[in-house]
Trainee: 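This is the structure, below, for whatever I ask next.
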Amino acid sequence: MWGSTDSKKETDYTPNLLYTAFWTNLGWSLLTYLAVAFIVAPLASSFYEEPVLLQIIPVMSVGIISNSIIVIHKVQLTRIMDFKKMAIISNISNVFSGVLSITLALLGAGYWSLVFNSVAGFIVAIPLFMHATKWTPKFIWEKEDFNKIFGFGFYFTGTKFFNNLITKIDYLLIGKWVGAYYLGIYTFAFILTDTFRSQVLQIINKVMFPVYSTIQDNPVEIKKNYLNVLKYNSMIISPIMAVFVVLGEEVIRYGFGEKWLEAVFPLKIISLSILIHMMANSYTVLLRGIGRADVEFKLQLFKAVFIFIPMLTIGIYYYGINGASIAILINKSTEVVIGVFILKRFIGLDYREVFAFMKKTWFFIVAMILIGILSREVLGLHYFITFILMAAMYLLGLKGEIKKDIKHFSSLKSS
């Protein structure tokens, strides 16, 4: 919640503010954990008729508390854009939790090996973050500093809540109404597509958030940086999604086996939704970076209550996992419309400017898809030849742009 202090300008930071943010965040996390353990866990157990969830959910939710201990350390590393240390700590933590999970599985721990995998990384991450920042909390809490961070922290927490609700509600409903088998199929398609998208956006947004914060009074620079982010995301994510749209069946059949073929339709539709979403992505991070967390919160609340959850509920109830993927397509398309409005309203970025900046990238992504459809569906060429033709269209068309943008993105850290 209170890791939001990283949205403040450099001159606003004081040692006491960080101490206040740490203890406030820890206190809030403890209350949240108690609510999850004693309210959410019983409700989930009753909803799914699985008594074992009463034990699993409290253990898996320990991360709520653990994360609050290192959030200020993450803020400090993010402010100085030291992503190398953050990546090293993340990798070490992941390796540790993975080894522990495998060891427990070999010892016969069953599902508990997966449960502990989700929280074990913090055992290593906490001391590593403390060592990386040389920062330890003191028992200081100032009401004045609390008031400074309360507003942003409240909106930040609310946004995270509705983000989690939006990204998890489809799993919840599919598991209840469609069954565990189709939940597995859907999850598989989602991991290949939207989870990949989320990870890439997270990496780039982690770099851009402090950049937006430092230039929040310079609309020209904000526009310039946002347009570059839009291009980076599109150039990395869109070609992979284009391959899934055209060759989704072949990717699953020859890459993962025929038992996963029921994931083809969700895979293609979700990939298409991501291609559309790339037209106006990451605008919520921009809002947060320029100090408008209140607008981000209201947007997520509106989307969750009036668009995302109703669409997913209808789609899943009547059409199962195919309906869920179509609902995601509609939701992502709606996000683009909202994004166009937000960009115009808050940073004065007209979508004609966006199109002028992105037209070459978008042209070759569309051309890549059309070449794929022509090769595979019309001419009946082998899927590997189709893939080569699609890749060639993209790489040859955007070779110069790719080199230039990699160089520019790399320079952000040093700047």
Side-chain angles (χ1 to χ4, degrees), residues 1-40 57-83 85-86 89-90 93 118-165 202 205-206 209-210 212-213 284-285 287-289 291-294 296-297 300-301:
M1 174 181 182
W2 307 101
S4 53
T5 51
D6 56 349
S7 68
K8 301 174 71 61
K9 293 182 181 180
E10 194 68 25
T11 54
D12 293 336
Y13 284 94
T14 64
N16 285 0
L17 184 140
L18 294 179
Y19 299 141
T20 300
F22 176 86
W23 294 113
T24 304
N25 190 48
L26 182 59
W28 175 258
S29 299
L30 286 169
L31 290 174
T32 303
Y33 175 78
L34 292 174
V36 170
F38 294 102
I39 299 175
V40 175
I57 291 177
V59 175
M60 293 188 69
S61 301
V62 169
I64 295 173
I65 301 173
S66 304
N67 189 59
S68 70
I69 296 173
I70 60 176
V71 67
I72 300 300
H73 302 82
K74 288 182 175 181
V75 165
Q76 294 183 72
L77 292 175
T78 300
R79 283 171 57 202
I80 62 175
M81 303 182 79
D82 194 342
F83 302 111
K85 286 183 180 178
M86 295 177 72
I89 294 172
S90 176
S93 302
S118 65
V119 297
F122 287 107
I123 297 173
V124 175
I126 291 173
L128 288 177
F129 271 111
M130 288 183 174
H131 176 73
T133 59
K134 311 298 182 187
W135 185 87
T136 54
K138 295 181 180 179
F139 290 101
I140 296 174
W141 190 91
E142 299 285 350
K143 183 177 180 181
E144 183 180 346
D145 288 325
F146 172 79
N147 291 334
K148 288 180 182 178
I149 60 177
F150 176 78
F152 196 96
F154 172 80
Y155 291 124
F156 183 78
T157 302
T159 298
K160 286 183 68 176
F161 171 78
F162 286 110
N163 281 344
N164 283 327
L165 186 62
Q202 184 179 34
N205 290 339
K206 192 174 290 184
F209 186 33
Y212 289 140
S213 298
T284 55
V285 177
L287 284 173
R288 199 184 319 149
R292 296 310 306 266
D294 57 325
E296 183 190 17
F297 167 73
Q300 295 306 94
L301 171 62

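Along the sequence shown, the residues carry numbers beginning at 1.
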Trainee: What are the two closest heavy atoms between Met60 and Val119, and how far apart are they?
Mentor: O-CG1, 3.4 Å
Trainee: For the backbone of Met86 and the side chain of Ser90, can you confirm whether one donor and one acceptor N or O come within less than 3.5 Å of each other?
Mentor: no
Trainee: Kindly say whether the aromatic ring centers of Trp23 and Phe139 come within a distance under 6.0 Å.
Mentor: yes
Trainee: Rounded to the nearest 0.5 Å, how far apart are CG of Asp294 and OG1 of Thr159?
Mentor: 9.0 Å
Trainee: About how many Å separate NZ of Lys85 and CG of Leu77, when rounded to the nearest 0.5 Å?
Mentor: 6.5 Å
Trainee: Whether the side chain of Thr24 engages the backbone of Ala21 through a donor-acceptor N/O pair (distance < 3.5 Å, no angle test) should be reported.
Mentor: no
Trainee: With rounding to the nearest 0.5 Å, note down the distance linking CD1 in Ile39 to OG1 in Thr32.
Mentor: 10.5 Å
Trainee: Find the distance between OG1 (Thr136) and NZ (Lys138) and round it off to the nearest 0.5 Å.
Mentor: 7.5 Å
Trainee: CZ of Phe129 to CD1 of Ile72: how many Å apart, nearest 0.5 Å?
Mentor: 12.0 Å
Trainee: What are the two closest heavy atoms between Leu26 and Ser68, and how far apart are they?
Mentor: CD1-OG, 3.3 Å
Trainee: Between Ser61 and Val36, what is the shortest heavy-atom contact and its length?
Mentor: OG-CG1, 3.1 Å
Trainee: Which heavy-atom pair separates Ala125 from Ser93 by the least distance, and what is that distance?
Mentor: CB-OG, 3.4 Å
Trainee: Phe22 vs Trp135 aromatic rings, parallel, tilted or perpendicular, using cut-offs 30° and 60°?
Mentor: perpendicular
Trainee: Return yes if some donor-acceptor pair links the side-chain N/O of Thr20 with the main-chain N/O of Glu142 below 3.5 Å, else return no.
Mentor: yes
Trainee: Rounded to the nearest 0.5 Å, how far does CD1 of Ile65 lie from CG of Asn25?
Mentor: 11.5 Å
Trainee: Please test Asp145 against Lys143 for salt bridge (Lys or Arg N to Asp or Glu O under 4.0 Å), starting from the C-alpha separation and ending with a verdict.
Mentor: CA-CA 5 Å; Asp145 288 325; Lys143 183 177 180 181; over 6 Å; no
Trainee: Where do Lys74 and Asn67 land on the side-chain contact (heavy atoms from CB on, under 4.5 Å) test, with the steps shown first?
Mentor: CA-CA 10 Å; Lys74 288 182 175 181; Asn67 189 59; 3.4 Å; yes
Trainee: Please confirm whether the backbone N or O of Gly63 pairs with a side-chain atom of Tyr33, one donor and one acceptor, at under 3.5 Å?
Mentor: no
